[in-house]
Amino acid sequence: MEERRLRLIKMEPGQESLRPSIKFEGFVNPEHQKFVKEGLTSIGLPTDNIKTLRFINADSYVDAKRQWFILGHYNHQEGEYALYKLWGEKIPPIGQMGTMVHELGHANSPLYEENDALFGGKENREKAAEHAQAVAEQTLKTGVFLNPYHKQLSEMLAAGAIDGVRFVEETHAIMAELRFTNLAHLEQVEESQEKKLRAKGLKAISIVKGIDQTLINLMSRNNPRIKTSHDLDNHIFGVKSVFFQDQPKSLPKAA
C-alpha cells in the first residue's frame, strides 16, 4: 500500500456538524451552500478531514474516450471536497445523495491509518480495509461489478492507468454510495458474485454485511444509536427525506 499521510482533526463525541474552520468556495448563494451543508451533515459520515467544501463552475470532468462523468472529487492531500456544476443542475436527488456519500467514502478511506479514530479504532479500520480489498478482488475474479463506473475503473486498472490502492478505495466508496441509494442492486450484485464463485467451488464474502459494519463503525461515534443494519436502514430513510423533500424546488444555476 502506498504511503500517504493526513492530519486527523478530532471532533467532540456527538458533534454532528461541519467544523467552523471549513472554507466554502464557489457556491452560488447562501441557499445553495446551506442545502449542500445540510445534505452533507445529514448523511452522518465523519467530515473531520474536509478542509474546503467547493462547488466548481464546470459542467463536470468528462473522459472523452469513455464518455463518463465525474460529478465530484475528494483530494486527500488538500482535504478538498468538491461538487461540480452538473451535480446541482441535472442530477436527481438520489444521484445528488449518492455523489455526496461517494466522496465521503473517499474522505473516510479505510486505507489511511490516520483514520483509525474515525472507525472507532485501528481494528475496525483494518477490517473495513480488508473487506474493501476482498470485494475488489472478488469483483475482478467474477467479472460482476458494482456499477458501470466500477467496471470502467477495472479497465483502467488493467491498462495501468490507476493502481490497486485506487481501485480498492473506489470499491469502498461505491459500496457506501449504493448502500445509501440502491440496497437492492447491491444485494443483486452480491448474489451474482456468490453464484459464480460457488460454481467454481469457492466461497464469497458478503458485500452488504461488510459495508454495513463499516458504515456503522464510522457513524456510531457521532450517533451511538446506529448499532445494527436495521438502525442503518432507518437512518438512510431519514437522509433520503432531506434530499427528496427539504431541498429547494430547483437548485440555482451556476453563472
Side-chain angles (χ1 to χ4, degrees), residues 1-2 45 63 65-72 74 91-92 94-95 97-106 108-112 119 123-219 228-233 235-237 240:
M1 186 182 301
E2 68 181 60
L45 290 169
D63 185 308
K65 182 178 180 180
R66 296 178 179 84
Q67 289 297 302
W68 50 268
F69 303 94
I70 297 178
L71 306 178
Y74 179 74
I91 304 301
I94 194 72
M97 182 177 72
T99 299
M100 294 180 96
V101 173
H102 183 101
E103 301 310 330
L104 281 171
H106 287 297
N108 294 288
S109 171
L111 305 185
Y112 287 75
F119 287 83
E123 183 178 355
N124 288 344
R125 180 193 61 78
E126 289 183 340
K127 285 182 178 178
E130 290 168 2
H131 178 256
Q133 175 79 33
V135 173
E137 292 175 354
Q138 181 168 287
T139 298
L140 294 174
K141 189 178 297 182
T142 61
V144 179
F145 299 94
L146 298 174
N147 62 11
Y149 178 53
H150 201 211
K151 182 178 181 180
Q152 291 157 351
L153 287 165
S154 74
E155 294 169 354
M156 294 172 68
L157 177 66
I162 63 173
D163 62 14
V165 173
R166 166 77 186 279
F167 187 71
V168 171
E169 184 173 301
E170 290 284 0
T171 299
H172 163 75
I174 295 170
M175 284 192 292
E177 172 188 346
L178 288 173
R179 182 59 178 89
F180 271 76
T181 62
N182 199 339
L183 174 59
H185 173 74
L186 203 56
E187 291 172 334
Q188 289 171 359
V189 170
E190 178 176 317
E191 182 180 357
S192 296
Q193 290 187 356
E194 194 275 335
K195 284 182 178 179
K196 286 205 168 188
L197 290 173
R198 188 173 64 238
K200 298 178 181 179
L202 301 174
K203 187 176 180 180
I205 186 170
S206 173
I207 297 174
V208 176
K209 287 182 180 178
I211 192 60
D212 275 13
Q213 191 58 59
T214 292
L215 293 173
I216 289 168
N217 288 339
L218 282 168
M219 293 178 180
T228 67
S229 294
H230 180 67
D231 298 334
L232 183 59
D233 287 334
H235 172 75
I236 291 173
F237 181 80
K240 287 180 178 178

Looking only at heavy atoms, which two atoms of [X] and [Y] are closest? And how far apart?
{"X": "K240", "Y": "F180", "answer": "CE-O, 3.1 Å"}
{"X": "H185", "Y": "L146", "answer": "NE2-O, 2.7 Å"}
{"X": "V168", "Y": "A136", "answer": "CG2-CB, 4.1 Å"}
{"X": "A132", "Y": "T171", "answer": "O-CG2, 3.9 Å"}
{"X": "L157", "Y": "G164", "answer": "CD1-N, 3.7 Å"}
{"X": "G72", "Y": "T99", "answer": "N-CG2, 4.3 Å"}

Does the side-chain contact (heavy atoms from CB on, under 4.5 Å) test come out yes or no for I211 and L186, once each step is laid out?
CA-CA 10 Å; I211 192 60; L186 203 56; 4.1 Å; yes

For E191, give me all partners under salt bridge (charged side-chain N to carboxylate O under 4.0 Å, His left out), at least two apart in sequence or on another chain.
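So E191 forms a salt bridge (charged side-chain N to carboxylate O under 4.0 Å, His left out) with K195.
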
Suppose we screen for salt bridge (charged side-chain N to carboxylate O under 4.0 Å, His left out). Which residues come up paired with E190, at least two apart in sequence or across chains?
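For E190 there are no salt bridge (charged side-chain N to carboxylate O under 4.0 Å, His left out) partners, ignoring immediate neighbours.
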
Could you list the residues that satisfy side-chain hydrogen bond (donor to acceptor under 3.5 Å, both in side chains) with H235, not counting sequence neighbours?
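Per chain and number, H235 pairs via side-chain hydrogen bond (donor to acceptor under 3.5 Å, both in side chains) with no residue.
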
Do you see a donor-acceptor pair shorter than 3.5 Å between the side chains of E170 and H150?
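Side chains of E170 and H150: no pair found under 3.5 Å.
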
Close side-chain approach of [X] and [Y], heavy atoms under 4.5 Å:
{"X": "V144", "Y": "Q138", "value": "no"}
{"X": "L215", "Y": "L232", "value": "yes"}
{"X": "V189", "Y": "L178", "value": "no"}
{"X": "R179", "Y": "D233", "value": "yes"}
{"X": "E169", "Y": "Y74", "value": "no"}
{"X": "L140", "Y": "S154", "value": "yes"}

Separation between [atom1] of [X] and [atom2] of [Y], rounded to the nearest 0.5 Å:
{"X": "Q213", "Y": "L218", "atom1": "CD", "atom2": "CG", "answer": "10.0 Å"}
{"X": "N147", "Y": "N182", "atom1": "CG", "atom2": "CG", "answer": "10.0 Å"}
{"X": "I207", "Y": "Q193", "atom1": "CD1", "atom2": "CD", "answer": "4.0 Å"}
{"X": "N217", "Y": "F119", "atom1": "CG", "atom2": "CZ", "answer": "8.0 Å"}
{"X": "E194", "Y": "K203", "atom1": "CD", "atom2": "NZ", "answer": "10.0 Å"}
{"X": "L111", "Y": "R125", "atom1": "CG", "atom2": "CZ", "answer": "8.0 Å"}

Can you check whether K209's main-chain N or O pairs, donor with acceptor, with D212's side chain at less than 3.5 Å?
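Side chain of D212 to backbone of K209, a donor-acceptor pair under 3.5 Å: no, none is there.
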
For H172 and A129, indicate whether the former's side chain and the latter's backbone hold a donor-acceptor pair under 3.5 Å.
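No; zero donor-acceptor contacts below 3.5 Å.
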
Audit row: H102, Y149, side-chain contact (heavy atoms from CB on, under 4.5 Å) steps and yes/no
CA-CA 12 Å; H102 183 101; Y149 178 53; 4.1 Å; yes

Check against side-chain contact (heavy atoms from CB on, under 4.5 Å), T214 and M175:
CA-CA 10 Å; T214 292; M175 284 192 292; over 6 Å; no

Flag if over 12 foreign heavy atoms under 6.0 Å of CD, E126:
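Correct, the count exceeds 12.
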
